[in-house]
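A short write-up of the structure that comes next.
All ligand and atom numbering here is 1-based and tracks the order in the structure. Please read these numbers as outputs of a predicted model, since none were measured by experiment. Heavy-atom basis, side chains included; hydrogens, waters and symmetry copies ignored.
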Amino acid sequence: MKKITLLFIALSISMLNMAENLLSPNKNFRLDFSVNAIGEPAYSLFYKEKPVIKPSKLGLELKNAASLLSGFNIQKTVTSTFDETWKPIWGEVSQIRNNYNELLVILEQKAEQRTMKIRFRLFNDGLGFRYEFDKQENLNYFKVADERTQFALTGDHKTFWIPGDYDSNEYFYTTSKLSEVDASKVDGNGIGTHGFFAKNAVQSPLLMKTAEGLYISIFEAALVDYSAMQLLIDQTNFVLTSSLVPDAVGTKAYMQTPQHTPWRTVIVSDKAADILASKTILNLNEPSKIADPSFIHPQKFIGIWWGMHIPDYWSWDYSHAPNIRLKDTNWNALVPLPQHGAKTANVKRYIDFAAANGFKGVLVEGWNVGWEDWAGNWKEEVFDFVTPYPDFDVKAIHEYAASKGVKIIMHHETSASATNYERRIDKAIDFMKENGYDVVKTGYVGWIIPRGEKHDGQWMVNHYIRVAEKMAENHIMLDAHEPVRPTGLSRTYPNWMACEAARGNEFNAWSTGNPPEHETILPFTRLLGGPMDYTPGIFEIKMSYYKPGNKCQVHTTLAKQLALYITMYSPLQMAADLPENYEKRMDAFQFIKDVAVDWDDTKYLEAEPGDYITMARKAKGTSDWFVGAITDENARTAVIPFNFLDANDGYIATIYGDAANTDWKENPMTYQIHKVLVNSKSVMKQKLAPGGGVAISLKKASKANMKGLKKI
Ligand code: NOJ
Ligand code: CA
């Protein structure tokens, strides 16, 4: 009897060393884990019984130490199940289910007397896994030379990619097969910090589509104290391998046990809309660390901003002074430029407009000294974040704003001198508190200081989090421009409400712009990590309006700019155009005034990356719904079933659509607005112009206000 038991134990240990598997709660996914003859760990992933990720190796290469790639055997495995529903402070839905099956594999590397854990979580829409390192005698401090996580794909999939780059994610997407990726061919559009590091390198989140119609997203969650993951493509075998962003001396991460890596994620579906609906990235992040989130308010804002992006219109800088020093410049002696945007009178005009139209915030850029030579000189001390220009009267503006129920949104452009910002941040926050600011937009234009560090490296990853924590302690909401792309940390720090971290609308003002398909790809990629401050709402589409002959233009129709308030989620949403451009079209502006920024529910009605997206969202705490549909450069008919509406009620749908002759290139600014009556059985067919869209607001109808309206 004893013998049989021993034999059984021996057998199960050797089997353990061969393979383990795990199913997702809905059984759509299967994960296989194994360790091969030389002790290399590997995993594979199946969706509806078909392989999505073929056996792929796992592990890390270390600097000046034996690698964590082979020589492992399975010491123990632990499986568990988790199911919980949580409520985000703000978001696209008011409740999120976090349901997964987990497999924790404890690996032993006998020769080095070290252990490494790999924790796998299988959700109903995909996989997350991370490496974990317990505190142990032979693994205390270590330096990562690179992480070698593989994603072995089943073919030469179509992919929506931006070049691998350590400092910038402000690219438009290229759609090609994996074998055709060539990062060297992508136009950087003159952004100083653009630079691909290998022709076959791409950034994550990476979206792919297989020949069989499967959508696969590869990304990461909870990027903390580690460098961002980029992906190198083996263009013959279609294996992606992780490649981390290095620091100034070429190290990719500094670790001290106990520590773990961020989660690596593979989200998969045969329906594109499921990728948009996925909450796996958020679920893999830690719950909110903010005990009292009552200071956090989703809001819409306007700003002294687009005027600086319009060619030769407004300036951030107060004067022409090519060589200034913060401490010994006599700002009052400088000759002011007439085009300086952040003048008290301009700001007051914006406050009036905000107050008249229900906006809570007015962003003001170019208010503080230092903009004279802010970019390109790799200067340590560019801004002090507390000294206004002589023509920006902080106190008077604060009082005026407060009297109108508006707050000014702070702008901390750091010109990427993170060290300078960290030294001055406490004073900068005191200044904000004294002067009534509770939202800050940060910016990191240029090469990073500490010199040699990268925007997406471990040092800066930690910097952005330090700033978010500091702002949270001081009850300040944060919108970061030029940070590493978000990885769901807004769950942990819900005051970190938005990031740019992609190519925003501003590129349309001064570059070749964003192709009309751009906004149909971002929700499938960049927005999986969190909201984007895309700055929609441009009504005066062509820059030739300001400067005859200028060829720059926004690459959408006006109606599509409205639809972006739905399809491009952010709890901090800008109405980016100049007030005078809205004043000329108050009928269309009504949609921006009405649209919500926080939602109870979201329905993804139609979606195909690179082509189109149609979404419906229910405004938080109300019965109002809003619909947004966008298309790429091709005209299409959006089909909108209203089956999400309350079955017993009629709704008035106000439709802000393209006109018959609208076209993003030739005739982008024509639109038509009309009202119809709909109910949960109605299905609307709405024509979208090339590069166009439609925005619809839906309010419950009453007998009085539905008179004369056509039913559909
Ligand atoms: C780039 C940001 O994306 C933009 O919004 C800002 O106006 C400029 N930097 C200046 O900080
Ligand atoms: Ca930017």
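Taking all atoms of both residues into account, the shortest heavy-atom contact from Gly341 to Asn346 is O-ND2, 2.9 Å.
The contact set between ligand 1 and Glu482, taken as ligand atoms under 4.0 Å from a residue heavy atom, comprises 1 (C), 2 (C), 3 (O), 9 (N). In the vicinity of Glu500, heavy-atom distances shorter than 4.0 Å reach the ligand 1 atoms 3 (O). Here is the list of ligand 1 atoms found below 4.0 Å of a heavy atom in His411: 11 (O). Applying the 4.0 Å criterion to heavy atoms of Val445 picks out, from ligand 1, the atoms 1 (C), 9 (N). Counting atoms of ligand 1 from 1 in the listed order, those under 4.0 Å from a heavy atom of His309 are 4 (C), 6 (C), 7 (O). Listed by number with element, the atoms of ligand 1 under 4.0 angstrom from any heavy atom of Glu506 are 1 (C), 2 (C), 3 (O), 4 (C), 5 (O). Each of the following atoms of ligand 1 lies closer than 4.0 Å to a heavy atom of Glu413: 9 (N), 10 (C), 11 (O). Close contacts of ligand 1 with Trp305, meaning ligand atoms under 4.0 Å from a residue heavy atom, involve 4 (C), 5 (O), 6 (C), 7 (O).
Heavy-atom distances between Met308 and ligand 1 stay at or above 4.0 Å for every pair.
On a distance-only criterion, His481 and ligand 1 share at least one N/O pair closer than 3.5 Å.
The part of Trp371 lying near ligand 1 is the side chain, judged by heavy-atom distances below 4.0 Å.
Atoms CD1 and NE2, from Ile630 and His518 in turn, are 10.5 Å apart once rounded to the nearest 0.5 Å.
In this structure, Arg466 is positioned above the aromatic face of Trp459, its NZ or CZ under 6.0 Å from the six-membered ring centre and within 45° of the axis.
At a cut-off of 3.5 Å, with distance as the only test, no side-chain donor of Ser168 or Asp165 sits close to an acceptor on the other residue.
Across the listed options Glu365, Arg503, Lys441, Lys441 owns the non-hydrogen atom lying nearest to atom 5 (O) of ligand 1.
One finds no salt bridge joining Lys665 and Glu633 here, because no Lys/Arg side-chain nitrogen approaches an Asp/Glu carboxylate oxygen to under 4.0 Å. The pair Glu220-Arg485 counts as a salt bridge, with a side-chain nitrogen and a carboxylate oxygen less than 4.0 angstrom apart.
Phe301 has its side chain out of reach of Val439: every pair of non-hydrogen atoms, C-beta onward, lies at least 4.5 Å apart.
Note: Tyr565 and Phe591 have perpendicular aromatic rings, judged against thresholds of 30 and 60 degrees for the angle between ring planes.
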